[in-house]
Amino acid sequence: MSTVTADPAPSSTRPGRSARPPRLRRSWDKHWYAWAMVLPVVIVLAVLIFYPLFRGIWLSFTNLTEANQVAEICTRSITGGEVCADNPNKWEFIGLDNYVRVLTGQVGEFWQWTGVTLIWTFVCVACHFGLGLGLASMLNRPMRARGLYRVLLVLPWAVPAFVSAFAWKFIFNERFGLANALLTAVGIDPVSWFADRWTALFTAIVTNVWLGVPFMMVALLGGMQTIPSELYEAAEIDGASAWQRFRNITLPGLRPVSMTVVLLGTIWTFNMFPIIFLVTEGQPAGQSEILVTGAYRAAFEGIRNYSLASTYGVLILSILLVFSLFYRRVLRKQGEVW
Amino acid sequence: MSRSTATPPTADAVAGPALADSRRVTRAGRSRRSPAMSVLLHGTLILASLIAIGPIAWVLLSSLKPGYAIQSSELTLFRDTTLSNYSYVLTETNFPRWFLNSVIVAAFTMAIGIFLSATTGYAVSRFNFPGRRPLMMVFLVTQMFPVAILIVPIYTILARLGLINTMPALIIAYLTIAVPFCAWMLKGYFDSIPTSLDEAAALDGCGPFATFWRVVLPLARPAVAVTAFYTFLTAWGEVAYASAFIQTDNKFTLAYGLQQFVPQFNPQWEYLTAAAVLVTIPAGLVFFFAQKHLVSGLTAGGTKG
């Protein structure tokens, strides 16, 4: 809590209705402007996020689909009047049925998608962090053309994610893509990337690593520049090798930054919708789907199954919440403040 | 071999060292690196840079080729160079319309998001009021919300309001991402403005609102600009909501419109590549104004909780 400062409150002691209990009254006088400042956001959060969130949780306990969403079925009679009758198959509360069906695998491929999501997240974040750290520590050295390298390496971040997705899908095209052309040029048979689950996932991971490394690199480079250079000088005088300086000064110094970016990166990658959706499109036969895209397809393709998609949504959010609580606890144990 | 002792320590303390400083560092450092290490270092960085720009360059080159040259499996950089893909995309398709739609949606999202969250970022950064910590937690947790949990309820709510297939629907949906993000980012930036300024303003008789409006906001103008840019880019590149909420061709945004060029059967990559280049140029320009300050805001907000 390093940021909290003394309240610059003009301690207005307005005499007036003392109907409210004095403590509440004092707290109101002291904090009303802070509350007024956050009010717009609180309203937006309540209306746009929490109301839909709770509605989504509620929907996951129903069987709402596109087919049974209307409460009444109206038919136009020959005379022109409308006759309305209650929909006999109206959607209703069905308790935990959706969860049971999803978790036992009667509907969809929850466990397969979870497996793919975990592989996807782990590989992507590991590559992001590893490559980002490597590039950042190279760029942190004094050298020629450093600025140029930095600009070039940041470029992938400047491209909107959906454009990158199209670009890589184009490169991995089976008939005329650059990847297969290069493979042929070095004498390897062209690969039909989207016919197999692992090669399809590979293309998506390559795409995501390509567009995610710059963020990590810039973040870690920023972190490295806040490490005081006296530490390095002292280490050098003591005869520490480059590797020892990296291990004992750079890595510990980067801890606060890397904890944050790894958490953010994990969450972002876990929920990374456009790459899988546009690059592999779940090919072959939904086997490279991750949870988020699988849920999306359940909701918006074919007969729209809103309740099922909400169930996936709740499950995904639970996984992420458990993960970040766990992450926090690990950090706490190691003495981090966050 | 990381830092040279010859440089004054301030050069490293300043983030983003000035050009003159870095040149001095260069000279001192290079003399202490063996030639083999130099080659290895530059070689790796050149390779990485090539990988970074390769796909972009390939799309750019492909967009200048006619359709039959793209479809051939022969590997050429230039072939029958032409701008006809661009003129087709700009005149024969709905691309300009999609572009306009994207600009409208992203601009409104950006303006409303910043407007709503600026005071919140300030309040969370400066005042210790009851409810501050939960609010911070909410900002963090909403970053975690998968698109899958909000998209269905928002869809059903908007459908009841008759807003599906309109731009306000997209703006509303994007605000669910933009508002917490902007508040989080701006809090990080406001943290970096010394509080002594607030105190001075308070001594001069400014109330908290006047302090914010007259003292802090003008100082934070670059930060606000960066946050705004980034919000714009997020909305500009969003795919899921745009694919689900918009149904007619003249209301598509770019993220969904571009999918029309490459259906499962008979994809027209030559037009897609041209459109991709046209989409990337403005986004890339905006990005380069914003990126330098972006990460500091994100991570500052995170570590100072």
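Within the 4.5 angstrom heavy-atom criterion, only side-chain atoms of B/Y155, from C-beta onward, approach chain A. Contacts of B/F212 with chain A are made by side-chain atoms alone, with heavy-atom separations under 4.5 Å and no backbone atom involved. With a threshold of 4.5 angstrom between heavy atoms, A/V314 approaches chain B through its backbone and through its side chain. Only the side chain of A/L45 comes within contact range of chain B, judged by heavy atoms closer than 4.5 Å. Both the backbone and the side chain of A/L152 come within contact range of chain B, with heavy atoms under 4.5 Å apart. In this structure, the portions of A/A34 lying under 4.5 Å from any heavy atom of chain B include both its backbone and its side chain. A/V163 touches chain B through its side chain: at least one heavy atom from C-beta onward sits under 4.5 Å away, while N, CA, C and O do not. Contacts between B/L272 and chain A at a heavy-atom distance below 4.5 Å involve the side chain alone, from C-beta outward. There is no contact between A/Y312 and chain B, counting heavy-atom distances below 4.5 Å. Proximity to chain A involves both the backbone and the side chain of B/Q259, based on heavy atoms less than 4.5 angstrom apart. With a threshold of 4.5 angstrom between heavy atoms, A/F54 does not approach chain B through any atom at all.
In this structure, B/I51 and A/W210 approach most closely via the heavy-atom pair O-NE1, 3.0 Å.
B/P153 is not listed as a side-chain neighbour of A/W58, based on a closest heavy-atom distance of 4.5 Å or more. The shortest distance between side-chain heavy atoms of A/V38 and B/R132 does not fall below 4.5 Å. Using a 4.5 Å heavy-atom threshold, the side chains of A/S310 and B/I149 count as separate. At a threshold of 4.5 Å between non-hydrogen side-chain atoms, the residues A/L153 and B/L45 count as touching.
In terms of modelled atom types and a separation under 3.5 Å, the side chain of A/W35 and the main chain of B/P130 share a donor-acceptor contact. Counting only distance, with no hydrogens or angles, the side chain of B/T120 and the backbone of A/M37 share a donor-acceptor pair below 3.5 Å.
Screening residues 152-171 of chain A for salt bridge (Lys or Arg N to Asp or Glu O under 4.0 Å), with sequence neighbours left out, gives A/K169-A/E281.
Relative orientation of the B/F127 and A/Y33 rings is perpendicular, given thresholds of 30° and 60° on the angle between their planes.
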